[in-house]
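What follows is one structure encoded as structure tokens, with my remarks underneath.
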Protein chains: 2
Amino acid sequence: MKIGEVSRITGTNVETVRYYERIGLLPKPSRTGGNYRSYAAQDVDRLKFIRHARGLGFDIADIRSLLDLGEHPERDCCEVDQIATSHLVSVENKLRQLEQLQQELVRMLRQCRGGQVADCRIMLTLAER
Amino acid sequence: MKIGEVSRITGTNVETVRYYERIGLLPKPSRTGGNYRSYAAQDVDRLKFIRHARGLGFDIADIRSLLDLGEHPERDCCEVDQIATSHLVSVENKLRQLEQLQQELVRMLRQCRGGQVADCRIMLTLAER
DNA sequence: CCTTGACCCTGTAGTCGCTACAGACCCCAT
DNA sequence: ATGGGGTCTGTAGCGACTACAGGGTCAAGG
């Protein structure tokens with residue numbers, strides 16, 4: 001399977017596939033006579049895993065660890081749990097931050113009464129503190 | 001006022017202050033005999049504005065526009081409102097995305113029953129789809 | 001007077017996860 | 001033989017910083 005098809009199947013940009021190979025997240029595939037990358041079903045599965053994990057916001061380092069763990073199926077799954085849990089924690093932290101931010105923005109916007117920039121409450125709020 | 005003091009007052013990294021100057025967000029300050037940057041109160045205010053806006057998640061381009069508007073106090077404040085509103089919208093979009101993500105992560109983590117990586121529900125979930 | 005140490009200078013490269021080229025090559029259909 | 005679509009490598013760009021290296025400046029203490 002050539003890179004374009006892999007790209008289509010997994011919904012991954014061709015350049016991204018090559019990028020994953022470059023950083024060692026995907027193994028170097030075999031090549032055709034014309035030096036085209038030739039992927040096996042296994043590679044596609046690995047890429048799907050990566051994309052799904054990225055979709056859930058895991059960073060590349062985490063995904064690397066998860067893939068490594070996948071290659072040691074006899075190990076205890078608590079390491080997997082740990083990675084996922086700590087990711088969830090950081091997502092929840094970001095969520096709280098964003099909520100606060102949203103509330104501050106709403107508060108700021110509610111004060112706007114129109115008029116000139118000179119009297120703009122939003123600009124004043126930003127200038128304060 | 002030297003850059004270190006400005007840094008302390010505003011809680012901004014020294015390198016960040018220089019970065020803002022480089023990208024034209026802060027004006028080039030005058031220099032002392034020893035070629036040290038010498039800031040006026042005005043510059044500190046501008047930097048505070050920038051940091052406050054960054055804290056609210058506005059990107060540099062937005063901040064540039066807001067600062068420009070601040071220099072035209074006679075203009076109508078609706079442009080300010082527009083920038084803030086569209087930022088709020090994007091924050092709310094990100095918020096919704098993060099909430100979904102969080103729920104998916106929670107769902108995934110609830111399935112974990114311990115045991116070996118081979119049977120790990122989290123790994124299976126990531127591999128699926 | 002000299003040294004020490006804190007601060008400051010410029011310029012460049014690194015971060016993260018891609019994305020976007022340029023310029024070349026391969027392959028298949030017409 | 002030609003055209004166009006795919007692929008190749010290598011490099012640079014994004015945003016918003018951050019982190020040096022390798023030097024200069026300045027005030028206090030010995």
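Every chain is numbered from 1, with letters handed out A, B, ... down the list of sequences.
One interatomic measurement links the two molecules: CZ of B/R64 to C1' of D/dG15, which rounds to 12 Å at whole-angstrom precision. Taking atom NZ on A/K2 and atom P on C/dC27, their separation rounds to 9 Å, with Å as the unit. B/Y19 places its OH atom 17 Å from the P atom of C/dA13, with the value rounded to the nearest Å. Atom P of nucleotide C/dG17 and atom CG of A/L26 are separated by 15 Å, given to the nearest angstrom. Whole-Å rounding puts the A/F58 CZ to C/dC16 C1' distance at 17 Å. The distance from atom NZ of A/K94 to atom P of C/dC16 is 14 Å, rounded to the nearest whole Å. In this structure, the CZ atom of A/R37 is 13 Å from the C1' atom of D/dG6, given to the nearest Å. Between the CD1 atom of A/I23 and the C1' atom of C/dT15 there is a distance of 13 Å, rounded to whole Å.
Dashed line: the shortest gap from a side-chain N or O of A/Y20 to OP1 or OP2 of C/dC18 is under 4.0 Å. Regarding contacts with the backbone of C/dT10, a side-chain N or O of B/R31 is found under 4.0 angstrom from either OP1 or OP2. Taking 4.0 angstrom as the limit, B/R18 places none of its side-chain polar atoms (N or O) nearer than this to OP1 or OP2 of C/dG11. Between A/R51 and C/dG17 there is no side-chain N or O to OP1 or OP2 distance below 4.0 Å. Residue B/R8 places none of its side-chain N or O atoms closer than 4.0 Å to OP1 or OP2 of C/dC7.
Checking C/dC21, D/dT11, D/dT18 against the side-chain heavy atoms of B/T16 singles out D/dT18 as nearest. Checking D/dC17, C/dG17, D/dG24 against every side-chain atom of B/Y36, the shortest atom distance belongs to D/dG24. For A/I60, whose side chain is taken as the heavy atoms from C-beta onward, the closest listed nucleotide among D/dT18, C/dG17, D/dT7 is C/dG17. Between D/dA16, C/dC8, C/dC18, one nucleotide has an atom nearer to the side chain of A/R54 than all others, and that is C/dC18. Distances from the side chain of A/I3 to the nucleotides D/dC8, D/dA16, C/dT19 place D/dC8 closest.
Residues A/N13 and A/T32 each lie close to DNA chain C; by heavy-atom proximity, the contact nearer the 5' end of the strand is made by A/N13. Between A/E15 and A/N35, it is A/E15 whose nearest contact on DNA chain C lies nearer the 5' terminus.
Two residues are said to be in side-chain contact when any heavy atoms from C-beta on lie closer than 4.5 Å; A/S38 and A/P29 fail this criterion. Between B/R51 and B/T16, the closest side-chain pair of non-hydrogen atoms falls below 4.5 Å.
Each of B/H52, B/R54, B/K48 was scored for a side-chain contact (heavy atoms from CB on, under 4.5 Å) with B/I50, with one residue passing: B/R54.
For the pair A/E99 and A/K94, the salt-bridge criterion is not met [side-chain N within less than 4.0 Å of a carboxylate O]. With respect to A/R22 and A/E15, no salt bridge is recorded, no charged nitrogen being found less than 4.0 Å from a carboxylate O.
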